[in-house]
Amino acid sequence: MSEKGRKPSGSSICSAIEGLWKEVRELSLGTSIEHLQSAPSSLQFLRQFVLPNKPCIISNAIQHWSALSAWTEDEYLCRALADRQVSLHLTPDGRADALVHHPSSPSTLCFASAHVQRMPFPLALQYIVDSSSPSSPFVAYAQEQNDCFRSEYSQLLPDVESHISWASESFGCLPEAVNLWIGNQRSETSFHKDHYENLYAVITGEKHFLLIPPTDVHRMYVREYPAASYNFSQETGKLSLELEKPSRYIPWCSVNPFPSSSTREQQISLFPRYFSGPEPFHCTVKAGEILYLPSMWFHYVRQSPDSRGRTIALNYWYDMRFDIKYAYYNFLQSIDIHSTKACAPKVYESYDGS
């Protein structure tokens, strides 16, 4: 067969993809998340971050929001939302929308969604704070992602801006959804990606992110898992996990970046591309700061509470452009390298830009 007609080998495909991981960091992303000390102009934001699909943290862009002071007081929130019913998500361990042991086959995994319960906001807030204790049988997290801020929490609208003006101008549209998040230190979000441009503003406490660019999709081991959901018993005060009927399957990232000491070696063996590849980007978003999380970036989130035991954040979801970058991502994702024996992953040192 001539060179022109020869198909690329499995090893050459894998080498090219692994080279992409390093090259995108060398050419665009660098070694850390850029931190701006003031709000960018819409043109600067578009050119330096949106078009290159590059995250950043912005300080001093929301200091004029009254929420930064008012929402630190439980009394203010409970008074403003005294007559509001809100959606509270309950899980046994704070891991909502995550992979857990299959209820009838513990050696396998399923995708578990939280139990969602409607209740008055003052009671929901009390549940969130009380469930921070390790002895609590469940963890409560206000994390409804259906534009909940502009519906369930509409009394708080005057405390913030309806959109981020310089971002809206860059994207050429207003937010599709605005979501409010209230949790404690036990709440975490497993690795996943969103088809939105995300402006994530922290009001109280801190959010800790691990970020992986879309080019590294093969390191996330996205597989399909049977869907399940938690059900809460008012009689026992406990949660039970049940598979959904009819059955359906959810594609989800298989990697847990923080395995226990007893499972770490097994996780490294199962998911070598994640653990041997370039380091994820780590960043902490503090109260009064915004994280720009570009569309299709994989992210894992933990949080540290304020002095009152809760972390509050607001995120603005803008529609992403389904353009040539999206086509490139879909093409990359379609390449199955995990089944290619020639693709033994390289071991990367922490990338230092050299």
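These numbers come from the heavy atoms of this one structure, side chains and all, not from hydrogens, waters or symmetry mates.
Between the side chains of W317 and D147, not a single donor N or O lies within less than 3.5 Å of an accepting N or O. Using modelled atom types, one finds a donor on one side chain and an acceptor on the other under 3.5 Å when comparing S260 with T263. Using modelled atom types and a 3.5 Å distance limit, the side chains of W71 and D159 yield a donor-acceptor pair.
A chain of hydrophobic side-chain contacts below 4.5 Å, direct or via other Ile, Leu, Val, Met, Phe, Trp or Tyr residues, connects L314 to I164. F281 and I58 fall into different hydrophobic clusters, where Ile, Leu, Val, Met, Phe, Trp and Tyr side chains are chained together by heavy-atom contacts under 4.5 Å. Note on W297 and I57: same hydrophobic cluster, where clusters join Ile, Leu, Val, Met, Phe, Trp and Tyr whose side-chain heavy atoms are under 4.5 Å apart, directly or indirectly. The same ILVMFWY cluster, assembled from side-chain heavy atoms under 4.5 Å apart, contains both Y274 and Y300. Under the 4.5 Å side-chain heavy-atom criterion for grouping Ile, Leu, Val, Met, Phe, Trp and Tyr, I13 is not connected to V24 through any hydrophobic cluster.
Evaluation of the ring-ring contact (aromatic ring centres under 6.0 Å, His included) rule for F49 yields no partner, not counting sequence neighbours. Remark: D216 engages R25, R219 in a salt bridge (charged side-chain N to carboxylate O under 4.0 Å, His left out) (not counting sequence neighbours). Residues meeting the salt bridge (charged side-chain N to carboxylate O under 4.0 Å, His left out) test with R264, sequence neighbours left out: none. Annotation: ring-ring contact (aromatic ring centres under 6.0 Å, His included) contacts of Y127 (sequence neighbours excluded): F138.
Side-chain heavy-atom separations under 4.5 angstrom define the hydrophobic clusters, and the remaining members of the one that includes I250 are L99, L109, F111, Y225, W252.
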Would I182 and L180 count as a side-chain contact (heavy atoms from CB on, under 4.5 Å) if you check the C-alpha gap in whole Å, the side-chain angles of each, and the deciding distance to 0.1 Å?
CA-CA 7 Å; I182 308 177; L180 185 68; 4.0 Å; yes

Between R310 and S132, does the side-chain contact (heavy atoms from CB on, under 4.5 Å) criterion hold? Intermediate values first, please.
CA-CA 9 Å; R310 71 281 200 288; S132 64; over 6 Å; no

Verdict with supporting geometry, Q145 and N179, side-chain hydrogen bond (donor to acceptor under 3.5 Å, both in side chains)
CA-CA 6 Å; Q145 298 165 52; N179 303 306; 5.8 Å; no

With side-chain contact (heavy atoms from CB on, under 4.5 Å) as the criterion, how do L125 and V86 come out once you've worked through the C-alpha distance, each side chain's angles and the decisive distance to 0.1 Å?
CA-CA 10 Å; L125 185 60; V86 300; over 6 Å; no

Full working for side-chain contact (heavy atoms from CB on, under 4.5 Å) between S104 and H102:
CA-CA 6 Å; S104 58; H102 194 289; 2.9 Å; yes

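The shortest distance between side-chain heavy atoms of E176 and Y318 does not fall below 4.5 Å. In this structure the side chain of C283 reaches within 4.5 angstrom of the side chain of L291, judged on heavy atoms. Side-chain contact between K54 and Q48 is absent, with no heavy-atom pair separated by less than 4.5 Å. Annotation: side chain of V129 is not in contact with side chain of N184 (no heavy-atom distance under 4.5 Å). Looking at C110 and L241, their side chains come closer than 4.5 Å, going by heavy atoms from C-beta outward. I337 has its side chain within reach of H218: a pair of non-hydrogen atoms, C-beta onward, lies under 4.5 Å apart. Looking at heavy atoms from C-beta onward, H192 lies out of side-chain contact with F298 at the 4.5 angstrom threshold. With a 4.5 Å cut-off on side-chain heavy atoms, E152 and F121 do not count as touching.
Judged purely by atom type and a 3.5 angstrom limit, Y221 uses its side chain to pair as donor or acceptor with the backbone of R273. The backbone N or O of L174 sits nowhere less than 3.5 Å from a side-chain atom of S168 that would complete a donor-acceptor pair. Checked by atom type and distance alone, the side chain of S269 never pairs as donor or acceptor with a backbone atom of E265 at under 3.5 Å. Within the 3.5 Å criterion, the main-chain N or O of F331 finds a donor-acceptor partner in the side chain of S334. Checked by atom type and distance alone, the side chain of T108 pairs as donor or acceptor with a backbone atom of S105 at under 3.5 Å. With hydrogens and angles disregarded, a donor-acceptor distance shorter than 3.5 Å links the side chain of E289 to the backbone of K286. Using a distance-only test at 3.5 Å, with no hydrogens or angles considered, a donor-acceptor pair links the side chain of K325 to the main chain of L51. A donor-acceptor contact shorter than 3.5 Å links the side chain of S131 to the backbone of I128.
What you find for Y249 and P226 is that their closest heavy atoms are CD2-N, 3.4 Å. The two residues Y230 and L239 come nearest to each other via the heavy atoms CB-CD2, 4.1 Å. Residues L88 and A140 approach most closely at CD2-CB, 3.7 Å, considering heavy atoms.
Between Y316 and Y196, the ring centre distance reaches or exceeds 6.0 Å.
Note: H115 and F232 have tilted aromatic rings, judged against thresholds of 30 and 60 degrees for the angle between ring planes.
Around NE2 of H101, the count of heavy atoms belonging to other residues, nucleotides or ligands within 6.0 Å does not exceed 12. A 6.0 Å sphere centred on CZ of R47 holds no more than 12 heavy atoms belonging to other residues, nucleotides or ligands.
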Got a list of side-chain donor-acceptor pairs under 3.5 Å for residues 202-209, not counting sequence neighbours?
| from | atom 1 | to | atom 2 | distance (Å) |
| --- | --- | --- | --- | --- |
| T204 | OG1 | D306 | OD2 | 3.2 |
| T204 | OG1 | I312 | N | 3.2 |
| K207 | NZ | Y141 | OH | 3.0 |
| K207 | NZ | Y200 | OH | 3.2 |
| K207 | NZ | Q303 | OE1 | 2.5 |
| H208 | ND1 | T284 | OG1 | 2.9 |
| H208 | NE2 | S304 | OG | 2.6 |

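Here CZ of F149 is found 5.5 Å from CG of L156. Values are rounded to the nearest 0.5 Å.
Using a cutoff of 4.0 Å between basic side-chain nitrogens and carboxylate oxygens, E197 and R321 are not scored as salt-bridged. Electrostatic pairing of R248 and E244 counts as a salt bridge here, judged by a charged N lying under 4.0 Å from a carboxylate O.
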